[in-house]
Amino acid sequence: MEPPPAPPPALLDELLEEVFFRLPPDEPAHLVRASLVCRPWRRIIADHGFRRRYGEFHRTPLLLGFFANLARKPQSQAVFVPTSAFCPAEANRPQWIVIDCRHGRALFAPYDWKHSRAASFDLVVWDPMTGDWHPVPLPESLDLSMGFSAAVLCTAGGCDHRGCQGRPFCVAVAFSRRQVNRASTCLYSSETGEWSELTSVHHADALVKNTPSILVGDELYFSCTTRHIFKYQLNSLCLSLLELPLASQDNGRLITMEDGGLGYAGIDGTDLILFSGETGAGGETVGWAQHRVIDLNSLLPDGALSDPAFAGGRLLNPRVNGFAEGTQVIFVGTSVCVYMVELASGRVTKVLDHDADVVPYMSFCIPVFSAMEAASSSRRKLSWYFKCMPNSRR
């Protein structure tokens, strides 16, 4: 009897990586299933170097979905709405509202901070990929009762922000004190657990708006309730005030342009108007230039701006509900729904059947394993990762 044929030689890890790199990032279940095939495959995918190289191969993190703050009795909550096959195992966060998302993390505040007007409370940074939940205690000296905004971002040296899981981060808070016409900012570091000294600017219109910030280089931009924005320089911790191109920003948002520079999206009637920031010799924003005008009547589906409750088709006032930083994806809504608009292609998708502020979440969806899980041969121990992908296409 002839001996059985020898098994084929094992593929080199480098060749397997090249195959795994080509698994599409918008189908995260593929990487999970590949990790369940055998321990060598799981070891490759669990390696931090693979995460970095996978991000370098695909370059831009995927828009996986967005958080929407829903005002529902008896309490508000942040709800995750997927725009891809990814969905975190705990998609809803009762008693919390989302403030910001960046570098794979989401920042939350207690849902009742507006109602209680408490002098201080804790923020929370959550990583939807790993489930890590990091409390950020606010100093008692910070009075956020007049309104605030906050931002979360990775601070790891040399990080390309394509896979920031487990790395240090900071939280910047901007808030107002109307009694003294002053806005202030301070910075929290996860490495030290401490807050920086306050940086302040005095102005009659210094009232911070509770909308997500925009990061451009090492500068964070926060919105005001009037025709101004705040620029917070992370390196020097300097705070300054800039003027917006439109008289009102109630229906607009700060955005980033195709070149990564500062921009603004506002609405005038039924026109979506995009402005790009003009920079001076020192790189600072010194003015605005109109970049593009988009007719929403032509862009959105027929009747999207008409109120269905009125036979005469009363016009609904559109507004910019959110923007995916570093992309050309913007969210435009009315009092009855929200649309996701891809500015480059003109593709429009209805994503909500009601009005809500939108905070997009972007990341690469790669399974995260402990050392024990990476070496395990048990499929049962790893099967929980499929809970993150109930919407995976077959």
Side-chain angles (χ1 to χ4, degrees), residues 69 71 76 97-100 102 107-121 123 136 138-152 171-188 195-216 219-234 237-255 262-268 275 277 284-285 287-288 317 319-323 325 355-359:
N69 293 322
S76 299
I97 58 173
V98 66
I99 302 295
D100 189 44
R102 187 175 291 106
L107 180 64
F108 294 85
Y111 85 96
D112 60 351
W113 75 268
K114 291 183 180 180
H115 308 291
S116 65
R117 297 297 187 187
S120 64
F121 46 83
L123 302 176
V136 179
L138 291 170
E140 293 184 1
S141 59
L142 295 190
D143 181 7
L144 307 184
S145 60
M146 293 304 300
F148 81 102
S149 183
V152 60
V171 172
V173 172
F175 62 99
S176 305
R177 297 189 67 183
R178 175 173 280 177
Q179 298 89 337
V180 291
N181 294 328
R182 183 173 68 190
S184 302
T185 52
C186 56
L187 198 67
Y188 169 85
W195 289 86
S196 67
E197 296 294 325
L198 289 181
T199 302
S200 300
V201 61
H202 291 265
H203 195 278
D205 294 330
L207 195 59
V208 177
K209 189 177 182 181
N210 183 228
T211 55
S213 61
I214 283 290
L215 178 66
V216 179
E219 298 170 346
L220 276 170
Y221 292 86
F222 295 96
S223 297
C224 296
T225 56
T226 56
R227 193 181 173 176
H228 292 88
I229 58 175
F230 295 106
K231 180 175 74 172
Y232 186 42
Q233 296 175 285
L234 296 170
L237 301 186
C238 290
L239 184 65
S240 56
L241 204 64
L242 302 175
E243 191 168 304
L244 282 174
L246 293 178
S248 172
Q249 63 156 319
D250 288 342
N251 57 12
R253 287 291 179 92
L254 294 169
I255 63 173
L262 178 66
Y264 179 76
I267 292 181
D268 184 9
F275 296 89
E284 72 281 2
T285 301
W288 300 90
N317 294 322
R319 69 185 184 98
V320 180
N321 294 58
F323 179 77
E325 191 175 282
D355 186 29
D357 287 329
V358 167
V359 184

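Keep in mind that the numbers below use all heavy atoms, side chains included, and drop hydrogens, waters and symmetry copies. Position 1 is the first residue of the sequence, and the numbers go up from there.
Between the OG1 atom in T211 and the CG atom in L254 there is a gap of 7.0 Å [rounded to 0.5 Å]. Atoms CG and OG, from L207 and S223 in turn, are 12.0 Å apart once rounded to the nearest 0.5 Å. We find the CG-CZ distance between L138 and F148 to be 7.5 Å, quoted to the nearest 0.5 Å. With rounding to the nearest 0.5 Å, the separation of CG in N210 from CG in L144 is 10.5 Å.
Residues A150 and D100 share a closest heavy-atom pair of O-CB, 3.4 Å. Shortest non-hydrogen contact noted between W288 and G263 is CZ3-C, 3.9 Å. Closest non-hydrogen pair, S149 versus V208, comes out as N-CG1, 3.7 Å. When all heavy atoms of A356 and N321 are compared, the pair lying nearest together is O-ND2, 2.8 Å. In terms of heavy-atom proximity, V320 sits nearest to A265 at CG2-O, 3.8 Å.
Under the 4.5 Å side-chain criterion, counting only non-hydrogen atoms from C-beta, Y232 is in contact with L237. Side-chain contact between C186 and L198 is present, with at least one heavy-atom pair separated by less than 4.5 Å. The closest side-chain heavy-atom distance from V171 to L107 is below 4.5 Å. I97 has its side chain out of reach of F108: every pair of non-hydrogen atoms, C-beta onward, lies at least 4.5 Å apart. Using a 4.5 Å heavy-atom cutoff, the side chains of L244 and F275 are not in contact.
In this structure, the ring-ring contact (aromatic ring centres under 6.0 Å, His included) partners of Y188, at least two apart in sequence or on a different chain, are W195. Partners of D357 under the side chain to side chain donor-acceptor pair (under 3.5 Å) rule, at least two apart in sequence or in another chain, are R253, R319. Taking S200 as the reference, S184 meet the side chain to side chain donor-acceptor pair (under 3.5 Å) condition, with sequence neighbours excluded. Legend: residues meeting side chain to side chain contact (heavy atoms under 4.5 Å, CB included) with E325, ordered by chain and number and at least two apart, are R102, I214, L215, T256. Checked against side chain to side chain donor-acceptor pair (under 3.5 Å), T185 has no partners two or more places apart in sequence or in another chain. Looking at residues two or more places apart in sequence or on another chain, you find a side chain to side chain contact (heavy atoms under 4.5 Å, CB included) between Q233 and E219, K231, S236, C238.
With S196 contributing its side chain and L187 its backbone, the two residues share a donor-acceptor pair below 3.5 Å. Between the side chain of R182 and the main chain of S176, no donor-acceptor pair closer than 3.5 Å is present.
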Output, in order, the C-alpha distance, side-chain angles, deciding distance and verdict of side-chain contact (heavy atoms from CB on, under 4.5 Å) for F230 and L241.
CA-CA 5 Å; F230 295 106; L241 204 64; 3.0 Å; yes
Working note: D268 + N251, criterion side-chain contact (heavy atoms from CB on, under 4.5 Å); need CA distance, chi angles, decisive distance, verdict.
CA-CA 9 Å; D268 184 9; N251 57 12; over 6 Å; no
One pair to check against side-chain contact (heavy atoms from CB on, under 4.5 Å): V173 and L123. What are the steps and the verdict?
CA-CA 10 Å; V173 172; L123 302 176; 4.1 Å; yes
